[in-house]
Amino acid sequence: MRDALRIPDDIRPKANVLRRCLAPLSLAVLALAGPAFAAPSLDVLIRNGTVIDGSGRPGFVGAVGILGDRIVYVGGPTRRSAKQVIDAKGLVVAPGFIDPHNHVLESVARMKGPVLDEQYLTQGVTSVIVGPDGDLSPSQIRQVNGELARRGSGTNYLCYVGHNGIRSEVMGPAHRAPTASELDKMKALVREGMQMGCVGLSTGLMYEPGMFSDTSEVIALAREVKPFDGSYDSHTRDPGWRLFQSEKEAIDIGKAAGIPVKLAHEKATGLVNRGKIGDIINLVETARAAGQDVVADQYPYDGASTRVLRNLLIFEGMAADGEENATLVEAQQKLRAVMGDPGRREVLKHLSEYGVDGGFSWIKAVGYGNMRIVDAPDDPSLMDQNLALLARQRGKDPFDLIADLVLSSHRDIMVTLGSVDEVDLQQLIVRPWVMISSDGAYLPPGQASGHPRSTGSFTRVLGRYSRDLKLLPLEEAVRKMTSMPAEHLRMYDRGRLAVGYAADVTVFDPLTVRDRSTYTDPSRLSDGIVDVLVNGRLAVRDGKVTGAANGRFLVRQTRPAGRSGPQRP
């Protein structure tokens with residue numbers, strides 16, 4: 001292009017004379033034009049990119065103008081001036097992505113300095129929704145607020161108020177229904193959370209202490225968010241063994257409370273649920289056809305949460321989830337002593353398979369048929385083996401198989417606790433009522449354990465499922481990451497590129513965007529995210545995190561006048 005506009009040598013002297021003659025006239029025109037030409041009218045102008053505004057409409061080549069923390073221009077090419085111009089030729093300009101199910105703040109204590117969220121910024125994520133699975137009580141939310149205010153954050157945050165956090169504060173570890181007084185205290189805490197700006201109530205009914213509640217308790221608490229225009233988000237009760245009944249319970253709770261429902265990280269896991277995602281799709285679409293507001297979120301991986309194999313074993317005196325800080329060698333020493341004593345072996349097996357006092361255990365929650373080996377550094381032949389099928393093949397009890405594998409390892413074996421069939425994953429991801437999430441946690445650089453969803457969920461959808469497999473038009477993939485979660489979460493000034501909206505913007509290369517993380521290297525950051533602005537300030541520039549901590553703690557917004565409800569495709 002520069003060559004095409006080059007002035008030939010034979011007319012260059014005449015061109016220079018003409019330029020000198022016109023220069024005073026140009027200055028005069030600028031002076032007459034007034035102050036608008038005296039200084040840049042925008043702080044940031046992103047030009048020449050394909051603007052995909054988040055609505056699902058086709059993209060167009062144009063520009064986005066930002067002043068302060070707001071978008072003030074979206075349209076075709078413009079001559080408006082700006083303090084900073086970003087040339088997005090060949091790139092996509094989209095709203096900042098919103099992660100509606102995120103656990104990163106649970107690891108704030110492990111981070112140093114500002115909470116920059118590099119692993120999310122480099123996926124184009126500008127806002128994360130924390131407190132899913134019933135995690136956070138109002139007092140814990142205040143603690144998070146204070147910590148972020150003190151240290152700063154790279155992304156915006158919005159919270160759910162959590163059933164498990166509230167129940168623990170009111171009832172402790174009780175394995176029973178609440179008294180009337182206890183239920184009233186929990187209701188008051190739900191209201192307190194909503195008054196603080198939370199988006200709704202979340203539950204983790206598969207985990208303690210939520211697993212000891214019944215449906216009527218959750219309905220009573222969910223009703224407290226209705227006056228605040230809140231929603232209900234559920235990690236459902238027993239998706240490993242009773243998938244359909246668990247998702248139906250969540251939908252029934254929302255219907256009884258009169259509020260929208262989101263089914264958290266929807267999937268069909270394990271041998272017993274393979275092929276059953278169609279039943280869940282029919283369940284949701286039947287409810288939606290009847291007028292109920294039901295949606296889901298999904299991360300695009302073929303396995304759920306990952307764990308070190310030895311941590312599935314619950315020894316006497318251990319926490320209910322089996323996690324401990326012992327090294328592999330220490331765990332092996334303890335396991336040898338137990339397995340050599342038939343009585344102690346039976347105790348270990350019972351605790352591991354049924355939980356402490358009937359409480360939570362991973363084996364109980366998902367079963368051996370849900371577990372697939374995703375990292376076996378000592379024996380690559382174990383990779384992708386289902387534990388139940390491997391035990392059958394070797395003629396062993398599955399518990400004894402785990403013990404044998406732990407005792408024979410020199411390095412830890414990693415398993416996913418919810419194997420997902422790729423066909424089922426693809427069948428779900430194309431549904432218009434499914435938004436994209438990560439269910440991710442903080443992964444410091446180089447950490448070998450964890451899940452690739454924390455660093456690759458959004459870029460994986462853009463690269464693998466939209467560009468490569470062509471399951472989703474790019475505009476639809478972006479909608480699932482922007483306006484759809486924004487509407488559901490009452491973030492009415494985010495999720496779109498529109499005048500007056502918050503200046504959360506992601507610029508990416510549609511040809512190179514991709515996830516790079518794997519089960520064996522989960523902390524690898526994504527490729528293809530070029531620039532990210534959070535509240536009008538660059539958090540990522542040319543693919544590198546800038547260190548800007550311009551994120552804010554957001555609150556649920558009131559529905560704008562004239563907007564009757566979530567916009568449905």
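Keep in mind that the numbers below use all heavy atoms, side chains included, and drop hydrogens, waters and symmetry copies.
- Interatomic distance, Asp375 CG to Met383 CE, rounded to the nearest 0.5 Å: 6.0 Å.
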**Prompt:** Do Tyr157 and Phe553 pass the ring-ring contact (aromatic ring centres under 6.0 Å, His included) test, and can you show the C-alpha distance, the side-chain angles, and the key distance before you say yes or no?
**Reply:** CA-CA 5 Å; Tyr157 293 89; Phe553 198 92; 7.1 Å; no
**Message:** Checking Asp279 against Asn282 for the side-chain hydrogen bond (donor to acceptor under 3.5 Å, both in side chains) test, could you report, in this order, the C-alpha distance in whole Å, the side-chain angles of both residues, the deciding distance, and whether it holds?
**Reply:** CA-CA 5 Å; Asp279 296 337; Asn282 291 336; 4.9 Å; no
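- In this structure a side-chain-to-backbone donor-acceptor pair under 3.5 Å is present from Asp378 to His410.
- Using cut-offs of 30° and 60° on the angle between ring planes, the pair Phe97 and Phe458 is parallel.
- Looking at every heavy atom in both residues, Leu443 comes nearest to Ser454 through CD1-CB, 3.8 Å.
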**Request:** Could you give me the CA-CA distance, side-chain angles and deciding distance for Ile429 and Val434, then say whether side-chain contact (heavy atoms from CB on, under 4.5 Å) is met?
**Result:** CA-CA 6 Å; Ile429 203 170; Val434 175; 5.5 Å; no
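- For the pair Asp135 (side chain) and Gly131 (backbone), a donor-acceptor distance under 3.5 Å is absent.
- The pair Asp404-Arg394 does not count as a salt bridge, with every side-chain nitrogen at least 4.0 angstrom from each carboxylate oxygen.
- Between Thr306 and Val415, the closest side-chain pair of non-hydrogen atoms is not below 4.5 Å.
- Pairing each heavy atom of Ala477 with each of Val461, the nearest pair is CB-CG1, 4.2 Å.
- Judged by distance alone, the side chain of Ser361 and the main-chain N or O of Ser352 form a donor-acceptor pair under 3.5 Å.
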**Request:** Give the intermediate values and the outcome of side-chain contact (heavy atoms from CB on, under 4.5 Å) for residues Glu353 and Tyr368.
**Result:** CA-CA 10 Å; Glu353 293 184 338; Tyr368 296 107; 2.6 Å; yes
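- Contact of the Arg524 side chain with the Asp521 side chain is registered, since non-hydrogen atoms from C-beta on lie closer than 4.5 Å.
- If you check the side chains of Glu249 and Gln245, you find no donor sitting under 3.5 Å from an acceptor.
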**From CA spacing to verdict: side-chain contact (heavy atoms from CB on, under 4.5 Å), Tyr232, Val218** = CA-CA 10 Å; Tyr232 174 59; Val218 182; 3.6 Å; yes
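- Across all non-hydrogen atoms, the minimal contact from Pro132 to Asp233 is CB-OD2, 4.3 Å.
- In this structure Thr416 satisfies the side-chain hydrogen bond (donor to acceptor under 3.5 Å, both in side chains) test with no other residue, sequence neighbours excluded.
- With hydrogens and angles disregarded, no donor-acceptor distance shorter than 3.5 Å links the side chain of Thr236 to the backbone of Ser246.
- For Gln143, the CD atom is loosely surrounded, since the number of other residues' heavy atoms within 6.0 Å does not exceed 12.
- Salt bridge present: Asp252 and Lys248 bring a charged side-chain N and a carboxylate O closer than 4.0 Å.
- Atom CZ of Arg336 is surrounded by more than 12 heavy atoms from other residues, nucleotides or ligands within 6.0 Å.
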**Request:** Evaluate side-chain hydrogen bond (donor to acceptor under 3.5 Å, both in side chains) for His103 paired with Asp133, printing each intermediate quantity in order.
**Result:** CA-CA 9 Å; His103 293 278; Asp133 300 347; 3.2 Å; yes
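- Under the 3.5 Å distance criterion, the side-chain polar atoms of Arg516 are matched with a main-chain donor or acceptor of Leu525.
- The OG atom of Ser438 sits 8.0 Å away from atom NE2 of His101, with the distance rounded to the nearest 0.5 Å.
- When side chains are defined from C-beta on, Val366 does not count as touching Thr269, because their heavy atoms never get closer than 4.5 Å.
- For the residue pair Asp439 / Ser437, no side-chain donor-acceptor distance below 3.5 Å is found, with atom types taken as modelled.
- Taking CG of Asp214 as the start and CG of Leu205 as the end, the distance is 10.5 Å to the nearest 0.5 Å.
- Within a 6.0 Å sphere centred on CG of Asp357, heavy atoms belonging to other residues, nucleotides or ligands number 12 at most.
- Residues Phe360 and Met211 meet the side-chain proximity criterion, which asks for heavy atoms closer than 4.5 Å.
- When the side-chain hydrogen bond (donor to acceptor under 3.5 Å, both in side chains) test is applied to Ser517, the partners found at least two apart in sequence or on another chain are Thr455.
- Of the possible polar contacts, one joining the Trp241 side chain to the Lys364 backbone as a donor-acceptor pair under 3.5 Å is found.
- Around CD of Glu316, the count of heavy atoms belonging to other residues, nucleotides or ligands within 6.0 Å does not exceed 12.
- With hydrogens and angles disregarded, a donor-acceptor distance shorter than 3.5 Å links the side chain of Arg467 to the backbone of Val513.
- Scanning all heavy atoms of the two residues, the minimum distance from Leu401 to Lys396 falls at CA-CD, 4.3 Å.
- Although no hydrogens or angles enter the test, the distance criterion places no donor-acceptor pair under 3.5 Å between the side chain of Asp117 and the main chain of Tyr120.
- With hydrogens and angles disregarded, no donor-acceptor distance shorter than 3.5 Å links the side chain of Glu476 to the backbone of Pro432.
- Summarising the geometry of Ala549 relative to Leu116, their closest heavy-atom pair is CB-CD2, 4.3 Å, with the distance given to 0.1 Å.
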**Working for side-chain contact (heavy atoms from CB on, under 4.5 Å), residues Thr512 and Asp527** = CA-CA 7 Å; Thr512 65; Asp527 277 344; 5.7 Å; no
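- Among Arg460, Lys267, Arg372, the one residue that satisfies the salt bridge (charged side-chain N to carboxylate O under 4.0 Å, His left out) test with Asp302 is Arg372.
- By the 6.0 Å and 45° rule, Lys334 stacks over the aromatic ring of Phe315.
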**Request:** Kindly indicate, with the supporting measurements, whether the criterion side-chain hydrogen bond (donor to acceptor under 3.5 Å, both in side chains) is fulfilled by Thr122 and Ser526.
**Result:** CA-CA 6 Å; Thr122 52; Ser526 294; 5.6 Å; no
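- For the residue pair Glu169/Ser139, the side-chain donor-acceptor check at 3.5 Å is satisfied.
- Under a 3.5 Å cut-off, the side chain of Gln123 and the backbone N or O of Ser457 do form a donor-acceptor pair.
- Looking only at side-chain heavy atoms (C-beta outward), Glu266 and Asp297 stay at 4.5 Å or farther from each other.
- Scanning all heavy atoms of the two residues, the minimum distance from Ile98 to Thr482 falls at CD1-O, 3.6 Å.
- Distance CG/Leu105 to OG1/Thr155: 7.5 Å, rounded to 0.5 Å.
- Asn386 CG to Ser419 OG: the interatomic distance, rounded to the nearest 0.5 Å, is 6.5 Å.
- Of the charged side-chain nitrogens involved, at least one lies within less than 4.0 Å of a carboxylate oxygen, so that Glu147 and Arg150 count as a salt-bridged pair.
- Separation of atoms CE (Met171) and CZ (Phe212) is listed at 10.0 Å; rounding is to 0.5 Å.
- Using bins of under 30°, 30° to 60° and over 60° for the plane-to-plane angle, the ring pair Tyr301/Tyr519 lands in the perpendicular bin.
- Counted by atom type alone, Arg411 and Ser409 present zero donor-acceptor pairs between their side chains at under 3.5 Å.
- Using a 4.5 Å cut-off on side-chain heavy atoms (C-beta onward), Met186 and Arg167 make contact.
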